[in-house]
Amino acid sequence: NGQSNMQTHSFEEIVARIVRSDSRYASDAFCFVRDALNHTQEGHSRSRTSSRKAGSKGGHSHVTGQELLEGIRQFALNAYGPMAYVLLQEWGVTRCEDFGEIVFLLVEHGALSKTDKDQRSDFQNGYDFESAFQKPFRPQRLRIKTQEPASQP
């Protein structure tokens, strides 16, 4: 499919331009957010399709910032497992607001679109990164029953 190669190339050019002018995030962070957005939109479309009549518009459905944050979390855990937290840190992403910055940088450079309701603030008050990306992989503490010491005569 030559068209998708052209789109990928175009996206890569946009990301390279963004990273040259704003070095807060690695180019991999932009690619990750794009892939997580696609994954989230596909899941969102499937869940809405089951409640729609046949013949309705296809394609990706719009997701809110909070929906995208949850989709990003799930996508990262599925794709990278316990390494998700480390990779995100290496890419310069340490909080949910960083995902919003990446999304809006892509919007401003024409790689993504938004609605009039979408704002950077939609990505505030998301999850704590440590809880979201590290806690699921920590072993549960063993619950050792403590016996009361035998009483001394």
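Not measured: the values here are computed from a predicted model.
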With a 4.5 Å limit on heavy-atom distance, are the side chains of [X] and [Y] in contact?
X      : Y      : result
Phe11  : Leu106 : yes
Tyr25  : Ile18  : no
Phe123 : Phe104 : yes
Arg34  : Leu37  : no
Val33  : Val103 : yes

How many angstroms lie between [atom1] in [X] and [atom2] in [Y], if you round to the nearest 0.5 Å?
X     : Y      : atom1 : atom2 : result
Asn78 : Arg73  : CG    : CZ    : 9.0 Å
Leu69 : Gln124 : CG    : CD    : 11.0 Å
Asp98 : Gln89  : CG    : CD    : 9.5 Å

Determine, using ring centers only, whether Phe99 and Tyr127 are less than 6.0 Å apart.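 No, ring centres 6.0 Å or more apart.
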
For side-chain contact (heavy atoms from CB on, under 4.5 Å), just list the numbers for Asn38 and Gln41, CA-CA rounded to whole Å, side-chain angles, deciding distance to a tenth of an Å, and then say yes or no. CA-CA 5 Å; Asn38 288 337; Gln41 286 175 321; 3.8 Å; yes

Identify, with sequence neighbours excluded, every residue that meets ring pair (Phe, Tyr, Trp, His ring centres under 6.0 Å) alongside His39.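 In terms of ring pair (Phe, Tyr, Trp, His ring centres under 6.0 Å), with neighbours along the sequence ignored, His39 is linked to Phe75.
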
side-chain contact (heavy atoms from CB on, under 4.5 Å) for Ile14 and Phe30? Distances and angles first, verdict last. CA-CA 10 Å; Ile14 290 169; Phe30 292 90; over 6 Å; no

Closest non-hydrogen atom pair, [X] against [Y]:
X      : Y      : value
Ala36  : Ile72  : CB-CG1, 3.8 Å
Ala29  : Ile102 : CB-CD1, 3.8 Å
Val19  : Ala26  : CG2-C, 4.4 Å
Ser131 : Pro136 : O-CD, 3.5 Å
Ala84  : Phe133 : CB-CD2, 4.2 Å

Which is it for Asp118 and His62 under the side-chain contact (heavy atoms from CB on, under 4.5 Å) test, yes or no, and what are the steps along the way? CA-CA 10 Å; Asp118 294 326; His62 177 75; 2.8 Å; yes

Side chain to side chain donor-acceptor pair (under 3.5 Å) contacts in which one or both residues fall within residues 99-108, not counting sequence neighbours: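 Passing the test, one end in residues 99-108: Arg24-Glu101, Glu101-Arg120, Glu108-Arg120.
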
I would like to know whether Glu12 and Val15 meet side-chain contact (heavy atoms from CB on, under 4.5 Å); could you show each step before the answer? CA-CA 5 Å; Glu12 289 171 354; Val15 169; 5.7 Å; no

Under a 3.5 Å distance rule, please check whether Asp35 uses its side chain to pair with a backbone N or O of Phe32 as donor and acceptor.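 Not confirmed, Asp35 side chain does not pair with Phe32 backbone.
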
Arg138: which residues meet the salt bridge (Lys or Arg N to Asp or Glu O under 4.0 Å) condition with it, sequence neighbours left out?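 Result, salt bridge (Lys or Arg N to Asp or Glu O under 4.0 Å) vs Arg138: Glu130.
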
Checking side-chain polar atoms at under 3.5 Å, does Gln66 have a donor or acceptor matched by the opposite partner on Glu70?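 Glu70 and Gln66 do not have a side-chain donor-acceptor pair below 3.5 Å.
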
